[in-house]
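Remarks on the structure that follows.
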Amino acid sequence: MKKFENGEITLTNGTKLVIETKSLVGRPDVPNTPLCFSYPTMVKLAHNGENNGKLIAAHATLFGTRDDNGYKIYESNDDGDTWNRISNAIDDFTPGVYDNILQPCLFELPKEMGGFKEGTLFLGGCSRGKFPDGSGMSAVTLYYSEDVGLTWKAYHVLAMGGTAQAKEGVWEPFFYYDDETGRVFCFYSDETDPKYNQVLGFKYTTDMKNWSEIKYAVANEQPELRPGMIAISKMNNGEYLMTFEMVGLKGNPIYYKKTRKIDDWGDLADYGKLIITDDGKSLGSAPWNAWTPAGGEKGIVFMGANHKVTGPSVFGTGTDLFLSLDYGESWTAIENPIPFAPTKCGKTSYSPYIGFSEDGRTMYYLSGSDYGECNQMMFARVKIVD
């Protein structure tokens, strides 16, 4: 496994990864609080005129009090060197909600849709509450901001279900705008179909208000299997690459599937291929993947996750960063640009965010790292030199 030496790694194809900066996005006031900053998400504005280039980030805050409710929103005007907290997104729309703290995903609208102007920011996240009969409720709720993240309005419930304990919830939204269809897709994990333990499903829209019925991407009838935490990239060979965790197998290992049509993932019972390096390393729980055209003819797929299933990491704990130079057919482990050790809350590096500049030659990496017994949110900017 390759390590950063003086902030640089040279890959097997000669491409260099150079850490340009590391910065603190946010942390709890004290290091031994129960608070857990996790599930980071980010957009680099590209449809907002004079605000283009600004970074907007958010994360969940787990295990806090009611006062900690909502998603913390940050901005950076210097490409991630420094961060300022600017707002909090609260679910005051979904009936019965008592907190909205899980699994946010940010998205910038690339064109006018349904009365929402180009550049409107959207956030999807999971709220929890109670139905009128007192039973537990979960909901994937959508929010929008028309002032680059300064204020947020919850406005639509994309999906609703029960609780995690009853295995009937809805979780983990992921937005994707598809050029070919002109649709915005929202993929998410859904436990509401009694035929399956959990499915990876999706809905789509052309106006951000009216959404299709759910369709499935992965739905396996084996009762112990629970696919979740979906992330999708489109590569320059025309394929979409989906990664997800497979709860129910030892260590919640990460699998991938590919398709050439974002709304057709083939055999639903096929949960794809295990992501594993040539020397036997594999990752588990809460993955994120992203592809960049930089780094060679086939570009690079990067993937991060919560922990190692097999094989030691550079520090003996935590995870490395995985990458593929051949569209996901083979994988290599490198040192994580934001090293971490497990914390009491267990959510370090949970669904780390990976994104890129418009030319693909700068990687933006957000991850929860250890801060005493809790988590802080850290950022790394990595140059890709080929």
Side-chain angles (χ1 to χ4, degrees), residues 24-28 33-43 55-64 68-74 83 85 87-91 99-107 121-128 138-143 149 152 154 158-159 164 169-176 186-189 200 228-232 243-245 247 252 254 283-290 303-307 318-319 336 338 340 342-355 364-371 374-380:
L24 173 70
V25 179
R27 63 164 51 134
T33 175
L35 290 184
C36 175
F37 287 10
S38 191
Y39 296 106
T41 178
M42 195 197 86
V43 292
L55 305 183
I56 304 293
H59 63 74
T61 304
L62 307 181
F63 312 127
D68 302 307
N69 190 16
Y71 304 110
K72 291 178 170 58
I73 312 295
Y74 304 81
W83 295 86
R85 185 177 165 195
S87 62
N88 210 37
I90 296 289
D91 186 356
D99 65 21
N100 61 311
I101 59 171
L102 296 171
Q103 305 140 355
C105 184
L106 283 169
F107 169 70
L121 295 183
F122 289 86
L123 184 149
C126 185
S127 297
R128 298 185 299 187
S138 58
V140 174
T141 301
L142 307 186
Y143 313 68
W152 294 86
L158 182 82
V170 289
W171 323 101
E172 305 158 356
F174 176 87
F175 287 113
Y176 188 91
C186 186
F187 289 78
Y188 61 99
S189 304
L200 298 177
M229 296 300 300
I230 192 170
I232 294 172
T243 55
F244 54 94
E245 66 186 14
V247 179
N252 306 334
I254 310 306
L283 295 177
S285 292
W288 186 278
N289 86 80
M303 190 192 73
N306 171 247
H307 64 263
T319 71
N336 198 307
I338 301 177
F340 65 90
T343 60
K344 193 172 184 179
C345 82
K347 300 292 184 180
T348 45
S349 192
Y350 225 71
S351 188
Y353 170 84
I354 306 169
Y364 301 106
Y365 189 80
L366 270 170
S367 183
S369 69
D370 49 298
Y371 177 54
C374 59
N375 287 3
Q376 60 188 355
M377 192 55 58
M378 297 292 296
F379 169 86

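No experiment lies behind these values; they were computed from the predicted model shown.
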What is the minimum heavy-atom distance between [X] and [Y], and which atoms define it?
| X | Y | result |
| --- | --- | --- |
| G125 | Y143 | N-CE1, 4.4 Å |
| I338 | N336 | N-OD1, 2.9 Å |
| F340 | T319 | CZ-N, 3.3 Å |
| G149 | L121 | N-CD1, 3.8 Å |
| C345 | F63 | CB-CE1, 3.7 Å |
| A57 | W83 | CB-CZ3, 3.6 Å |

Results of side chain to side chain contact (heavy atoms under 4.5 Å, CB included) for [X] - residues two or more places apart only:
| X | answer |
| --- | --- |
| C374 | P28, T33, Y371 |
| I90 | N69, N88, N100 |
| S87 | I73, W152 |
| S138 | C126, V170, W171 |

Partners meeting side chain to side chain donor-acceptor pair (under 3.5 Å) with [X] (sequence neighbours left out):
| X | value |
| --- | --- |
| T41 | none |
| Y176 | none |
| E245 | none |

### Task
Assess whether side chain to side chain contact (heavy atoms under 4.5 Å, CB included) is satisfied between M377 and R27, documenting all intermediate values.
CA-CA 6 Å; M377 192 55 58; R27 63 164 51 134; over 6 Å; no
Show the atom names and distances, to 0.1 Å, of all donor-acceptor pairs under 3.5 Å that link a side chain in residues 283-290 to residues at least two apart or in another chain.
| from | atom 1 | to | atom 2 | distance (Å) |
| --- | --- | --- | --- | --- |
| S285 | OG | N252 | ND2 | 3.0 |
| W288 | NE1 | I354 | O | 3.1 |
| N289 | OD1 | S233 | OG | 2.5 |
| N289 | ND2 | A231 | O | 3.0 |
| N289 | ND2 | T243 | OG1 | 2.9 |

Measure the shortest side-chain to side-chain distance between [X] and [Y] over non-hydrogen atoms and say whether it is less than 4.5 angstrom.
| X | Y | answer |
| --- | --- | --- |
| Y74 | L366 | no |
| I56 | L106 | yes |
| S367 | M378 | no |

#### Entry: Any side-chain donor near an acceptor of the partner, S349 and N306, under 3.5 Å
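Absent: no donor and acceptor within the cut-off.
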### Task
Verify whether one side chain among S38 and N375 offers a donor that lies under 3.5 Å from an acceptor in the other.
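Looking only at side-chain atoms, N375 and S38 do not form any donor-acceptor pair under 3.5 Å.
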### Task
Determine, step by step, whether L200 and F174 satisfy the side chain to side chain contact (heavy atoms under 4.5 Å, CB included) criterion, reporting the C-alpha distance in whole Å, the side-chain angles of both residues, the deciding distance to 0.1 Å, and the verdict.
CA-CA 11 Å; L200 298 177; F174 176 87; over 6 Å; no
### salt bridge (Lys or Arg N to Asp or Glu O under 4.0 Å) against R128, all qualifying residues, sequence neighbours excluded
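So R128 forms a salt bridge (Lys or Arg N to Asp or Glu O under 4.0 Å) with D99.
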### Query
Which distance, rounded to the nearest 0.5 Å, do you find between the CD of Q376 and the OG of S369?
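If we round to the nearest 0.5 Å, Q376:CD and S369:OG are 4.0 Å apart.
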### Message
If the condition is ring pair (Phe, Tyr, Trp, His ring centres under 6.0 Å), which residues does Y188 pass it with, not counting sequence neighbours?
### Response
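None.
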### Query
Listed by chain and number, what are the ring pair (Phe, Tyr, Trp, His ring centres under 6.0 Å) partners of Y350, not counting sequence neighbours?
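In terms of ring pair (Phe, Tyr, Trp, His ring centres under 6.0 Å), with neighbours along the sequence ignored, Y350 is linked to Y39.
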### E172 side chain vs M229 backbone, donor-acceptor pair below 3.5 Å
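Yes, E172 side chain to M229 backbone: donor-acceptor pair under 3.5 Å.
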### Task
Could you check V25, T348, T61 and say which one makes a side chain to side chain contact (heavy atoms under 4.5 Å, CB included) with F37?
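Testing each of V25, T348, T61 against F37, the sole residue satisfying side chain to side chain contact (heavy atoms under 4.5 Å, CB included) is T61.
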### Task
Please confirm whether Y353 and H59 have ring centers closer than 6.0 angstrom.
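No, they do not, as the ring centres are separated by 6.0 Å or more.
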